[in-house]
Amino acid sequence: MATPIRQITHDKLHPTLVALSDAGATIEDADWIRKPGNAALLVRFIRDSRAEVERSIGSTITIPVSYQLPFHEELHGTVFDWASSLFSNTYTWEEHESVRGLVDRTPGDRDFLVKHFTEEEIREMDGLTSEHVIAWADKNGYRASVLEETVDFAKAQPDLQRQFPIVALGSFAVYRASRVVAILRGNDARRGLDDGWFDYRWDADSHFLLVRK
């Protein structure tokens with residue numbers, strides 16, 4: 001159920017007002033909104049615009065994120081049926097430069113998008129590479145998912161990775177002098193937390209886990 005805006009606390013409403021101001025909204029615009037009937041027109045326009053974006057990009061899934069990464073012993077056999085050894089404490093995972101400073105690690109809900117690119121989009125991007133996916137995400141108001149978000153997403157949506165591989169480009173570890181990223185994989189029998197090369201040219205069936213900025 002949608003939350004009425006009057007129930008939103010000031011600390012959450014203030015960033016909205018700042019965003020409107022940064023976009024060029026004026027006091028005269030606010031005065032216009034308060035006139036009878038105009039607020040309803042604005043809400044209808046916003047919802048129509050959101051629907052159009054979701055049709056072109058995809059619907060988001062809201063998931064609570066703890067930002068507490070389980071130990072490898074729990075990832076391998078409890079959270080997943082198996083997990084790559086690269087998620088053990090032998091390796092250090094860090095944020096990709098595209099998300100540094102953008103990840104609020106306060107526990108709470110996050111809006112996720114599982115993005116699959118069409119053949120036309122891949123042609124326009126000049127290939128399905130990690131950098132091209134990150135650039136698309138940034139242009140469309142998203143960023144790549146970091147490892148903690150990816151694990152909590154998999155906990156909440158365990159069946160999605162059985163349908164297709166889901167790549168998370170927001171965190172990486174260095175293995176054999178190259179960066180590797182997390183991939184959610186699975187089938188009817190097993191689910192896994194796998195890894196893959198960041199510089200890999202991804203298959204067309206790959207999906208990418210993004211988070212709304």
Side-chain angles (χ1 to χ4, degrees), residues 1-67 95-126 128-146 148-150 152-153 155-157 160 166-171 207-213:
M1 178 182 294
T3 303
I5 199 168
R6 64 170 59 92
Q7 295 183 21
I8 297 178
T9 58
H10 180 268
D11 62 325
K12 290 186 177 180
L13 184 59
H14 179 69
T16 302
L17 297 176
V18 171
L20 288 170
S21 179
D22 290 345
T26 65
I27 292 177
E28 289 75 18
D29 293 327
D31 291 339
W32 181 88
I33 292 170
R34 287 193 294 269
K35 292 179 180 179
N38 287 355
L41 289 173
L42 178 61
V43 170
R44 190 177 304 118
F45 173 77
I46 290 172
R47 290 177 178 171
D48 288 346
S49 298
R50 285 176 56 190
E52 182 62 30
V53 169
E54 289 184 352
R55 281 193 293 270
S56 62
I57 293 179
S59 298
T60 58
I61 304 172
T62 302
I63 299 295
V65 180
S66 66
Y67 291 98
E95 294 178 355
H96 184 267
E97 53 265 28
S98 66
V99 307
R100 289 174 192 157
L102 298 179
V103 182
D104 176 7
R105 293 181 176 272
T106 305
D109 289 348
R110 300 294 184 270
D111 292 334
F112 289 86
L113 173 68
V114 181
K115 175 62 179 174
H116 178 247
F117 292 90
T118 65
E119 292 183 3
E120 181 179 355
E121 287 176 317
I122 294 172
R123 285 195 299 271
E124 291 175 352
M125 296 164 63
D126 194 27
L128 198 55
T129 68
S130 296
E131 295 293 359
H132 291 164
V133 172
I134 288 171
W136 182 96
D138 181 61
K139 180 180 178 182
N140 288 278
Y142 290 86
R143 60 167 175 80
S145 172
V146 298
E148 296 89 340
E149 294 166 339
T150 305
D152 278 357
F153 179 87
K155 288 180 182 178
Q157 298 287 323
L160 275 183
I166 303 174
V167 183
L169 299 172
S171 297
H207 289 57
F208 298 86
L209 189 59
L210 309 177
V211 181
R212 193 192 303 277
K213 289 195 290 187

Do the two ring centres, one from Phe208 and one from Trp136, sit under 6.0 Å apart? no
Nearest 0.5 Å please: distance from the [atom1] atom of [X] over to the [atom2] atom of [Y].
X      : Y      : atom1 : atom2 : value
Thr150 : Phe112 : OG1   : CZ    : 7.0 Å
Ser98  : Asp138 : OG    : CG    : 8.0 Å
Ile134 : Leu210 : CD1   : CG    : 9.5 Å

Is any side-chain heavy atom of [Y] closer than 4.5 Å to one of [X]?
X      : Y      : answer
Tyr142 : Thr60  : yes
Leu113 : Arg212 : no
Glu148 : Arg105 : yes
Leu128 : Val133 : yes
Val114 : Leu209 : yes
His207 : Leu160 : no
Gln157 : Ile63  : yes
Phe153 : Arg110 : no

Does [X] use its side chain to pair, donor to acceptor, with the backbone of [Y] at less than 3.5 Å?
X      : Y      : answer
Asp152 : Ser66  : yes
Arg100 : Glu95  : yes
His132 : Met125 : yes

Are Asp109 and Thr62 linked by a side-chain donor-acceptor pair shorter than 3.5 Å? no
Side chains of Thr118 and Glu120 only: does a donor on one sit below 3.5 Å from an acceptor on the other? no
Counting only heavy atoms not in Glu119 (residues, nucleotides, ligands), do more than 12 fall under 6.0 Å from its CD? no
Would Ile61 and Asp111 count as a side-chain contact (heavy atoms from CB on, under 4.5 Å) if you check the C-alpha gap in whole Å, the side-chain angles of each, and the deciding distance to 0.1 Å? CA-CA 6 Å; Ile61 304 172; Asp111 292 334; over 6 Å; no
Taking every non-hydrogen atom, the tightest pair across [X] and [Y]:
X      : Y      : answer
Gly170 : Ala144 : N-CB, 3.3 Å
Leu169 : Ser130 : CD2-OG, 3.4 Å
Ala168 : Ser145 : CB-O, 3.7 Å

Hey, does the Lys NZ or Arg CZ of Lys115 hover above the aromatic six-ring of Phe117, less than 6.0 Å from the centre and inside 45° of the axis? yes
